[in-house]
Every structure is written in structure tokens, then in C-alpha cells.
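Structure record follows, encoded as C-alpha cells.
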Amino acid sequence: MKKNISLLVAVLLLPWLLYFSAGQSWVRIIDFSLLYLMLSLGLNVVVGYAGLLDLGYIAFFAVGAYCYALLSSPQFGIHWPLLVILPIGAVCAGLFGVLLGAPTLRLKGDYLAIVTLGFGEIIRIFLNNLSSPVNITNGPQGISDIDPLHLGSIVFNHGLVFGDIRIPSVINIYYLFLLAVIITMIFSSRLERSRVGRAWMAIREDELAASCVGIHTKRYKLLAFGLGATMGGLSGGLFAGFQGFVSPESFTLMESVMILCMVVLGGMGHIPGVIVGSLLLSILPEVLRETAGWQRGLFGQVIVDPANLRLIMFALALVVMMLVRPEGLIPSALRRKEMQHE
Amino acid sequence: MNNLLELNHVSKRFGGLVALKEVSMHIPEQAIVGLIGPNGAGKTTLFNIITGLYRPDQGELLLRHQPLPVGMPHKIAQHGIARTFQNIRLFNNLTVLENILVGRHMRSQASVLGAILNTKRTRLEEKNIREKALFFLNYVGLTHRAHDYAKVLSYGDQRRLEIARALATEPQLLALDEPAAGMNIKERNDLALLIQQIQQDGTAVLVIEHDVKWIMSLCQHITVLNFGEVIAAGDPHAVQNHPKVIEAYLGKGQHHAA
Amino acid sequence: MSTFWQQVVNGLTLGSIYALVALGYTMVYGIMELINFAHGDVVMVGALIALSVSELLIHQGLSLPLALSIAIMVSVLVCMVLGWTIEKIAYRPLRHAPKLAPLITAIGLSLLLQQIAALIWGKSYLPFSHTLTTTSWSWHGVVISALQLDIFGLSLLLMFLLWHLVHHSKLGRAMRATAQSVAFAQLMGVNTDRVISQTFVIGSALAAVAGVMDVMYYAVGNYTMGFLLGLKAFTAAVLGGIGNLKGAMLGGLLLGVVEALGAGYIGDITHGFFGSNYKDVFAFLVLILVLIFKPNGLLGSNTQEKV
Ligand SMILES: Nc1ncnc2c1ncn2[C@@H]1O[C@H](COP(=O)(O)OP(=O)(O)OP(=O)(O)O)[C@@H](O)[C@H]1O
Ligand SMILES: [Mg+2]
């Protein structure tokens with residue numbers, strides 16, 4: 001318990017430390033990595049628990065983001081409150097998850113992967129092109145001037161002033177996202193240890209044997225798709241409100257793949273692994289932005305295009321980490337040990 | 001005695017191969033019934049039809065005189081038929097205890113909402129599931145392995161775990177596909193005792209086994225399949241001396257030698 | 001009607017490129033059940049190497065056909081080495097790892113190849129400036145260029161050779177045995193490590209040729225070109241039934257034709273509501289429909305799982 005409280009304090013203080021040491025851009029990076037963490041937790045339900053390889057997961061993030069964008073921007077002149085549109089976005093994404101999941105229930109492993117990938121691409125192509133003849137998504141330009149995240153008169157995207165203390169906007173957002181992440185985390189850890197979670201894992205391990213102990217495998221697979229998508233949709237809404245702008249470019253296959261990497265790299269199927277994986281992979285590319293500086297330090301000049309070098313190092317890191325720890329950085333065997341000592 | 005399960009004229013083809021041909025058999029309540037036959041006779045196929053993994057091409061299955069839903073394994077499990085597999089199918093990356101917890105699935109109700117809100121009802125149910133799971137773990141003598149991965153168990157323990165998982169669904173009929181395969185004599189004897197215990201506790205058992213001696217001493221009733229057809233059925237003694245059975249097991253012309 | 005046949009011709013050309021790439025995916029999948037995500041990028045490397053080498057040689061005064069032939073050979077060789085290396089360092093150590101681990105290294109490699117290519121060739125689109133041939137034949141309004149015929153013919157030839165290799169050679173037998181069961185093939189004395197290596201090498205060689213064709217056909221190359229091409233080829237492999245050689249060929253050709261027809265007709269069918277910018281939707285839509293009705297692909301066996 002004591003450990004948990006000190007962890008909580010550390011997590012609450014973190015943005016302030018970053019803000020004063022590294023500056024506001026780093027807090028912003030952490031804000032985004034919290035969104036990634038939420039996405040990874042959602043995908044973990046689908047891939048980690050139920051064992052369904054989904055390569056189009058970013059589509060649900062997109063659905064949530066566009067729901068928010070359309071219902072709270074000048075695009076249609078609708079400006080509904082946050083507490084209405086976030087749930088709408090989450091539910092829409094969840095429905096999409098079930099809808100796209102339904103026809104794939106009979107598919108196995110990699111067939112499922114490619115079909116989900118196809119669905120993801122289809123949704124992106126539609127977002128890209130639904131600007132004519134009726135302009136819904138505004139095409140590749142995307143939707144801008146989206147209302148900020150706000151509850152009544154509290155606008156998270158702006159700084160807040162309490163007496164003498166001024167909380168910068170990035171830190172507001174941090175706390176908001178942190179709250180969302182913690183809620184998602186509590187939900188998924190409870191699911192993991194429940195009858196539902198066990199049914200998912202049974203399906204992951206052996207679908208046929210699972211059905212022979214009375215698990216309605218199709219229903220539970222749909223449930224995983226739906227719940228995973230709901231979490232994706234929720235974080236999509238937060239993303240839209242945070243950025244104030246969405247466009248199809250943010251929802252490419254590469255993003256789906258990235259989130260999958262986050263889930264697998266840390267050690268899929270359990271939450272600590274997912275946390276490590278998503279924080280690592282969302283922060284690493286930002287650290288690697290410094291490659292220009294490193295080169296100047298080493299060679300006195302920039303030899304290799306820093307943007308390239310950054311991605312090369314990222315790719316190498318991905319390969320090497322997987323080769324060194326194929327079970328994930330925090331394999332679930334550790335968790336087992338802990339469970340025994342409970 | 002009343003019949004728990006009745007099969008009438010069940011047939012199954014795979015392409016040109018007739019795996020089962022007009023098979024009729026019945027399993028009385030609380031009996032131990034043996035199913036024997038040479039390799040490829042169709043024993044496992046019959047299991048797969050009973051447990052809903054395959055759809056029969058024709059014929060009917062009656063559980064206490066009610067038709068069983070065909071081709072829906074989870075429904076059939078809910079009707080009270082549980083099974084093990086010839087090539088053990090455990091949830092390998094779950095612990096022994098978790099494997100049995102999964103077996104309690106259909107004896108519990110917790111939904112997503114109940115789970116994420118962690119309601120009192122869910123917590124009570126979860127406690128109950130664990131108690132029951134520990135009971136079945138103890139029943140097959142695996143309590144000391146509760147927190148090991150299923151995949152690290154020895155062969156014999158894996159078979160026992162699979163039986164425990166099936167028992168955890170509290171079935172009326174337990175179907176065991178070659179549970180004694182690969183076991184040594186002591187393990188076989190223990191297994192026979194376990195099966196008898198299961199019967200005494202009120203569950204009918206259907207067992208496939210190649211070791212004729214072992215199964216003869218265990219079962220009250222035996223059905224013999226050969227090339228997809230029932231060639232003999234009845235009490236062990238009658239079946240053992242049935243000319244067709246001797247022929248099937250020893251080949252033509254060996255009649256007298258047997 | 002002539003538009004229709006014209007689109008079929010264009011589709012078959014495109015489809016034969018898809019098919020060559022799809023064969024690489026399907027061979028690797030058939031043997032190791034691994035989606036070699038980096039395969040599309042091998043195609044890209046093959047394409048860009050051929051582009052550079054041929055430009056260089058033509059600059060040195062070699063004739064176009066000679067320059068091209070050398071370029072193809074160079075890029076096939078480089079890609080074979082690349083395929084061999086990829087398998088050796090990124091997949092072999094993970095043979096017994098959890099199933100998703102090699103998928104992640106594959107993704108990493110794909111990104112790596114793209115970025116290295118961007119370093120070497122830059123990020124802009126590289127034109128292939130030499131018109132290969134102006135010869136073309138017209139028949140009832142349907143135009144077929146010599147290039148299209150070359151692409152189609154060479155693809156068929158390569159597919160035939162591969163078919164022959166797999167079904168009538170010692171290596172082919174070893175490959176099929178390994179695909180059935182690695183453990184069993186080893187028992188029968190097959191050096192499965194070598195077979196897997198060779199599968200990667202052969203697949204990469206086909207990928208290189210496909211890359212060259214793509215660059216000739218569209219007269220342009222870029223470090224990202226392998227992505228969509230690879231994706232579609234993989235789609236084609238799945239469409240035909242992954243692991244199945246005939247399936248990959250059929251799937252590739254079919255996908256090419258469907259895509260060409262879709263792009264040509266979607267405007268008319270939807271009265272202009274959807275334009276040809278939805279053409280990529282077709283590939284996936286067909287895939288999804290086929291898999292819903294035939295979960296193992298067109299030529300995949302639909303047998304019941306043995307329990
Ligand atoms: N899914 C399937 N597809 C095609 N053929 C099958 C399938 N399942 C079983 N068969 C065939 O049906 C026949 C009966 O097989 P089955 O597994 O029922 O035999 P068995 O009596 O259990 O034999 P064993 O003692 O070897 O386990 C065999 O010839 C087998 O090859
Ligand atoms: Mg059998």
C-alpha cells in the first residue's frame with residue numbers, strides 16, 4: 001500500500017518536474033504517450049487477452065476522434081459538451097468494433113490480421129474521400145478548430161489559475177489523461193482477473209477446448225472487439241479535443257502497427273508489460289530526435305539526416321529488443337511469481 | 001436403468017471416407033461405458049459428434065430423450081456433457097488453477113459490467129468459483145501444482161488436469177478420449193480408481209481405450225467400433241468373446257488362437 | 001466493351017507483378033507461418049537498385065536492353081543476399097519464440113530498410129527516364145504494349161519455373177516436407193534450416209524481379225513504394241489461400257483485374273458518388289468478402305480441423 005501511495009505521488013509530481021527541468025514540450029510528449037497507453041490497453045484486450053491479431057486497431061481511434069471533431073467544431077456548427085461527445089465517440093467506436101468483428105469470427109490468426117488491416121485501411125480511405133459530393137470529413141485537409149477539452153467553464157487546453165498557482169495547459173491535460181488512463185487500467189485489470197478475462201484467455205490458448213467447457217466463443221470474441229474498440233474510441237475523442245485538429249494522416253496502418261508493437265514489446269496480456277511497452281515506444285522516438293545534437297557532439301557536424309537516423313535507430317531498437325527478449329520486456333512469468341506470494 | 005444419452009443411426013463422412021456408419025448406442029445413467037476399436041475405427045469422431053465439434057450427416061442424439069443441439073459445442077457443454085481430448089488440449093499458458101477456473105465458466109454469471117464495477121455479487125461469485133476450483137484440484141490430486149503453468153506438468157498430470165477441468169463444469173456425462181494412453185501401470189490403476197470415484201459421485205463416464213484388459217475391468221458396458229460400424233455391444237464378457245471382435249482385433253483366421 | 005477489356009489487360013499486367021510478390025509471402029508463410037512484413041521492402045530495394053544501375057550503365061553508353069539485363073541481375077543478386085540476411089539475423093533466432101515476436105522484428109526490419117533506402121536514394125520520387133519501347137498492338141480498341149506483354153510473359157515464365165522447382169526437384173521436395181512439419185522433415189534427414197534460407201532467397205529473387213517490373217511499368221520509384229505493393233501482394237496471397245502457390249498466382253492476377261476494373265467502373269456504378277480514389281478499397285473489399293465466405297482463401301482447403 002505504501003508503495004502504491006509513493007508511486008501515485010511520483011506520477012502526480014512528474015509533469016511538474018518535467019515542466020521545470022525539460023520544458024513544456026516534454027510534458028506534451030508525455031500527454032501523448034498517455035493516449036498511446038490508453039490505446040495499447042484497448043488493443044491488449046483484443047490481442048493480449050483474447051489473442052485476436054488486429055492490425056487495423058487505429059480505425060477505432062479514428063472513429064472516436066472524428067466523432068468528437070464532427071460534434072464539436074464549425075464543420076457542422078455543432079458544439080456539444082465533452083461529457084456527451086466522449087461517450088458517443090466511445091460507443092460509436094465500440095459499435096464499429098462489433099460490426100467489423102462480426103464477419104471475421106470464423107477467421108483464424110493471420111487471416112484475421114489481414115482482414116482487420118483491410119478494414120482499417122478502408123476506414124482511412126473513406127475519411128480521406130468523404131468530402132464530396134457531400135462534405136462530411138473535409139477530406140485530406142481534415143477538420144480544424146475543434147473545441148478544446150472543457151467541462152463547464154474549465155478549459156483543459158488553457159492554463160488554470162488557482163489563486164497564486166497557475167497550472168499550465170499541458171499539465172492540466174496530463175491530469176485529465178492520467179485520470180482516463182487510470183480508469184481504463186482499473187477496468188482492464190478487473191476484467192483480466194474476472195470470469196470474462198479468463199474466457200478470453202481460454203479462447204486465446206485453445207478456442208476449441210474453450211468452447212467445450214461451455215464458453216460461447218463467438219460472443220466473447222465480439223465482446224473483446226467491442227470493448228477494445230470502445231477504449232480506442234475514448235482515447236480518440238481525447239486526442240481530437242487535445243489537438244484541436246484531426247486528419248486521416250494520423251490514422252495510418254503504421255500507427256496500428258506501432259500500437260501492436262507497444263503491446264507485444266512490453267509483454268502482452270498483462271498490464272505492466274503494456275505500460276512499459278507503450279511508454280517506451282512513444283517516448284523513444286522523441287528522445288531520438290536529439291540525433292542531430294549527438295552527431296554534432298561526435299563529429300562536429302551533422303552527417304546523416306537526423307530524421308532518418310532517428311527512425312533507423314528506432315527500428316533497430318525494435319528488432320534488438322525483440323531478439324533479446326522475445327517474451328516481452330516484462331514477461332508474464334514474473335506476474336505468476338508475484339501471484340504465488342500474494 | 002434409464003438412458004442418459006442415446007445415439008440413433010448416426011453417420012459421418014469425410015469426403016469419400018465413411019467414418020461412422022449408422023452408429024446406434026446408449027449410455028445409461030451413472031454408468032461407465034467403454035468404447036473400443038482399432039485405430040481409425042471412428043471412436044474420436046463419435047466423441048466429436050457427441051460434443052458438437054462435428055455435425056453428423058444423419059442420425060439423432062438424445063439426452064434424456066431430448067434432442068441435443070448439433071454442432072454447437074458450448075451449448076452441449078451447457079447440457080452437461082464434458083470431455084477430454086486424445087491429444088491433450090489444455091490452456092498451456094494459464095496456471096493449473098486458472099485452467100480449472102475456466103472450467104467453472106458456465107457455472108457462473110459475472111458479466112463485463114459486474115467485473116469492472118467489481119460488485120459484491122461478482123466478488124462472492126469469484127470466491128465461490130475459487131473454492132470449487134480448489135475442490136476439483138484436490139479431487140484429482142493436483143493441489144500442490146496449483147500455480148504452475150499447465151504446460152510444465154508431466155504427461156499424467158496433464159491428463160488429470162484435463163479431467164479436472166471437465167469435471168469443474170459439473171457434467172452429467174464425462175467423455176474421456178484415451179485418458180490412460182502413455183501412462184504406466186500405477187498411473188493406470190490410479191486413473192481407474194478416479195473414474196470409479198467419478199461414477200460414484202453421480203456422473204456417467206464414456207471412455208475410449210485400447211488396453212482391452214484395463215477397460216474390461218473398469219466398465220459395465222462396452223461398445224466396439226470397427227470401420228465406423230458397431231460390431232458388438234454389451235457386458236465385457238460377452239463382448240470379449242464375440243467372434244467379430246476377435247476377428248477385428250486379431251485378423252481373420254486367428255479365431256481359434258484367441 | 002473495349003474499356004472493359006482494356007482494364008482486364010491492365011489488371012493482368014499489374015496482377016502478374018502482385019503474383020510474383022505474393023509467391024514470396026506465401027512460400028515463407030507455408031513453411032514458417034510467418035508474415036514476412038519486410039518482403040515488400042525487399043521489392044523496393046530491388047526496384048531502386050535496378051533503377052540506379054541501369055541509369056548508370058546507360059550513362060556509360062550501354063544500350064538500354066543490355067543495361068537493363070545487367071541491372072536486373074544485380075538487383076536479383078542483392079535481394080537474394082538481403083533475403084538470406086534477413087532470415088538469418090531477424091527470424092532464425094526467434095523460431096521458437098512466441099508467435100508475435102517475429103512479426104515485430106519483421107516490422108522493425110521493414111522500417112529499417114525503408115529508412116536506409118531513404119538515406120541512399122533520398123525521399124523524392126525517382127523517375128525512370130528511358131522509354132522502354134513504343135511498340136504496341138491495338139485490337140478492337142484494346143491496346144497492349146510490348147512492356148505489358150514482357151511483364152506478363154516473364155511473370156508466367158518465372159511462375160512456371162518455380163512450380164517446376166517445387167514439384168520436381170530435390171529442394172522442392174524438401175520444401176514441401178518442411179512445410180508439412182519441420183520436425184518431421186528433420187527426422188527424414190532434411191536440413192530444414194537450409195531449406196528455410198533457400199526459401200527466403202528464392203522469394204527475394206522473385207521480389208527483385210517484381211520490383212524491376214513495377215519501376216519499368218510506372219516509370220517511377222520511391223523508398224515507400226514497397227509498402228502498398230507488399231500489402232496488396234500479401235492480400236493476394238491470402239485471397240488465394242496462403243501457403244498455396246497456385247493460390248498466390250491466382251490471387252495476384254485476380255486482385256490486379258478487380259482493382260483495374262473497380263477503378264475503371266466505380267464512378268459509373270455509383271453515379272459519380274465514389275471516384276477512382278476509392279480504388280484501393282476494392283482490393284480489401286474483395287479480400288474481406290472472399291474470406292467471409294471461404295475463410296481459408298479461394299484455393300485453401302476447407303477441411304474440418306482434426307481434433
Ligand atoms: N476432420 C477429419 N477430416 C478427414 N478425415 C477425418 C477427420 N477426422 C477423422 N477422420 C478420419 O476418420 C477416421 C476415423 O478417425 P477417428 O479419429 O475417429 O479414429 P479413432 O477410432 O479415434 O482412431 P485412434 O484410435 O487412432 O484414435 C480416420 O480414417 C480418420 O482419418
Ligand atoms: Mg481417436
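Bear in mind the structure is a predicted one, so any value in this text is a computation, not a measurement. Throughout, protein chains are lettered first and strands after them, A, B, ... in sequence-line order, and every chain is numbered starting at 1.
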Could you tell me if the side chain of B:Glu162 sits less than 4.5 Å from the side chain of B:Arg89, heavy atoms only?
yes

Between A:Thr116 (side chain only) and A:Leu55 (backbone N and O only), is there a donor and an acceptor less than 3.5 Å apart?
yes

Flag the one option from A:Arg190, A:Arg198, A:Arg195, A:Glu205 with the top tally of heavy-atom pairs under 4.5 Å to chain B.
A:Arg195

Over 60° means perpendicular and under 30° means parallel, so classify the ring planes of B:Tyr54 and B:Phe14, tilted if in between.
perpendicular

Is it true that atom CZ of B:Arg123 has more than 12 heavy atoms of other residues, nucleotides or ligands lying nearer than 6.0 Å?
yes

Are any non-hydrogen side-chain atoms of A:Phe119 and A:Thr104 less than 4.5 angstrom apart?
yes

Option in B:Met72, B:His105, B:Met106 with maximal non-hydrogen atom pairs under 4.5 Å from chain A:
B:His105

Any donor-acceptor pair under 3.5 Å from B:Asn99 side chain to B:Thr95 backbone
yes

Heavy-atom pairs under 4.5 Å with chain B, option from A:Ser188, A:Ser189, A:Cys212 with the top count
A:Cys212

I need the contact set between residues 40-47 of chain B and chain A: heavy-atom distance under 4.5 Å, sorted by residue number.
none

Please confirm whether the backbone N or O of B:Leu35 pairs with a side-chain atom of B:Thr223, one donor and one acceptor, at under 3.5 Å?
no

Could you check whether any side-chain heavy atom of A:Asp54 comes within less than 4.5 Å of a side-chain heavy atom of A:Phe60, counting everything from C-beta outward?
yes

Are B:Glu126 and B:Arg130 ion-paired here, with the side-chain N under 4.0 Å from a carboxylate O?
yes

Quick one: what part of A:Leu223 sits under 4.5 Å from any heavy atom of chain B, side chain, backbone, both or neither?
side chain

Heavy-atom proximity to chain A below 4.5 Å, by part of B:Ile129:
side chain

B:Ile81 vs B:Gln172 side-chain heavy atoms within contact, under 4.5 Å
no

Note: vs chain A, highest number of non-hydrogen pairs under 4.5 angstrom among B:Gly52, B:Ala110, B:Pro171, B:Ala115 is B:Ala110

Under a 4.0 Å threshold between the charged nitrogen and the carboxylate oxygen, would A:Glu207 count as salt-bridged to A:Lys221?
yes

Determine which residues belonging to residues 196-204 of chain B lie within contact range of chain A, meaning some heavy atom pair is under 4.5 Å apart, and list them by number or answer 'none'.
none

Pair A:Tyr220 + B:His74: ring centers closer than 6.0 Å
no

Assert top hit (heavy-atom pairs under 4.5 Å, partner chain A, pool B:Gly103, B:Ala146, B:Ser111, B:Ser108) equals B:Ser108

Kindly assign one of parallel, tilted or perpendicular to the pair B:Phe135 and B:Tyr139, based on the angle between their ring planes and the thresholds 30° and 60°.
tilted

